[in-house]
Amino acid sequence: MSTVLCVLYPDPVTGYPPEYVRDEIPEITVYANGQSAPTPRGPLGFKPGQLVGCVSGELGLRSYLESLGHELIVTSDKDGPDSTFERYLPEAEVVISQPFWPAYLTEERIAGAKKLKLALTAGIGSDHVDLRAAAQAGITVAEVTGSNCVSVAEQVVMLILLLVRNYLPSHTFSEAGGWNIADCVERAYDIEGMRFGAIGAGRIGLAVLQRLKPFGLSLHYTQRHRLAPEIEDDLGLSFHADAESLVRSVDIVNLQLPLYPSTEGFFNDALFAKMKRGAYLINTARGKLVERDAVIRALQSRQIAGYAGDVWFPQPAPLDHPWRTMPFNGMTPHVSGTTLSAQARYAAGTLEILQSYFASAPIREEYLIVDGGNLAGTGSASYQLT
Ligand code: NAD
């Protein structure tokens, strides 16, 4: 019998289950790059469209795990030495966690987790695991690659429009009973004709570029690996050798890199200073990619016109985190990758990975981040250990 320790975000304050506003969600079987959506065997343990990312939802895993005789512990109590997570970690063979409410698997915690074999991210982005320590301890790290890329890409497009068109202040005026048209539009522009740049054009970054094409922007990108010429031609992409060149040229930037030690603080005062005055930055990748106070300085000095995203450090963000109240921000809690649509895919993918693991069968290559003591699969293409 194995202990599976699963950390999920708390239930809705109004109770569980919620009253669903829709009866069904579209079924997505294949992603844009040809990868098939998760294909677990047998019953799912939930109905797609249900809220399964919170504690009572349990990712729909209980019946599957208990039918094999395993113990499932689900908690949202994840931080501090007296947390439920710390209490059960020494017993856990599998830890499941989500980026939205991450159970940080630090080097110290990994050292104490003597039975841990699989750290599974129900979603995308495994930076809450110390990948180097996991590799050294022989722990496999896997995530549900592809599961919420479109969910995030849609959010990026929305955030661009929210910021550039000054939507949020206009909504606040209307809710407050106002009709302040001049106040609403004094910072409002169309995105048509603007220049947009992606830093990182992987699965999400590319999906954003594809969705922006019909808006009539000029599209730019930079990343480690150049995209195929057919993709560049189809989207009319301009490639930049580095982020500095890109930010000097564009009006709107989307940061969509993975977080690892050498991308920490990637966006700093020096890079903000190279942006066009009045540019916008959207970051739905990870909070630590941007230096916390540099973005505040850039907004206060009007070097940039707005910053939006859903990623912070730490998570949950403390009440006094300055990004909650900085000017011209379009921040939300970490939600873009956990729509009910996304949950259906990442919960099914979590089940698929567990089925492979408990059958001692290979986990899909694209789901692997660390395996056999080193980066593997998607991990080799997207992460570095330093
Ligand atoms: P991906 O692996 O498909 O793409 C990442 C790209 O970044 C790769 O093409 C890689 O070559 C490139 N890259 C890596 N390091 C680089 C560097 N130093 N310089 C330039 N390019 C570099 O990943 P993805 O699915 O597009 O996701 C990207 C990130 O988005 C994830 O790592 C995660 O942190 C974040 N994410 C956030 C949410 C959310 O809910 N907000 C959901 C999913 C993913």
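Order of appearance sets the numbers: ligands from 1, and atoms from 1 within every ligand. Residues take their numbers from the sequence shown, with the count starting at 1.
Shown in contact with S336 at under 4.0 Å from a heavy atom are these atoms of ligand 1, numbered in order with element: 39 (C), 40 (O), 41 (N). Close approach to F100 involves these atoms of ligand 1, each under 4.0 Å from a residue heavy atom: 40 (O). Using a 4.0 Å cut-off to heavy atoms of Y260, the atoms of ligand 1 that qualify are 14 (C), 15 (N), 16 (C), 17 (C), 18 (N).
Comparing V152, T145, N33 against atom 42 (C) of ligand 1, the shortest heavy-atom distance belongs to V152. The closest non-hydrogen atom to atom 26 (O) of ligand 1, taken over V144, L259, I204, D310, comes from I204. Taking only non-hydrogen atoms, the option from A201, G379, G125, A285 nearest to atom 35 (C) of ligand 1 is A285.
Only the side chain of R286 comes within 4.0 Å of ligand 1, judged by heavy-atom distances. At a 4.0 Å heavy-atom cut-off, ligand 1 does not touch T222 at all.
The protein heavy-atom contact nearest to atom 28 (C) of ligand 1 is Q256 O, 3.6 Å. Protein heavy atom nearest atom 4 (O) of ligand 1, with residue, atom name and distance: G202 CA, 3.3 Å.
A cation-pi arrangement, defined by a distance under 6.0 Å to the six-membered ring centre and an angle within 45 degrees of its axis, is present between R187 and F328.
With respect to the salt-bridge test (charged N to carboxylate O, under 4.0 angstrom), the residues E86 and R109 qualify.
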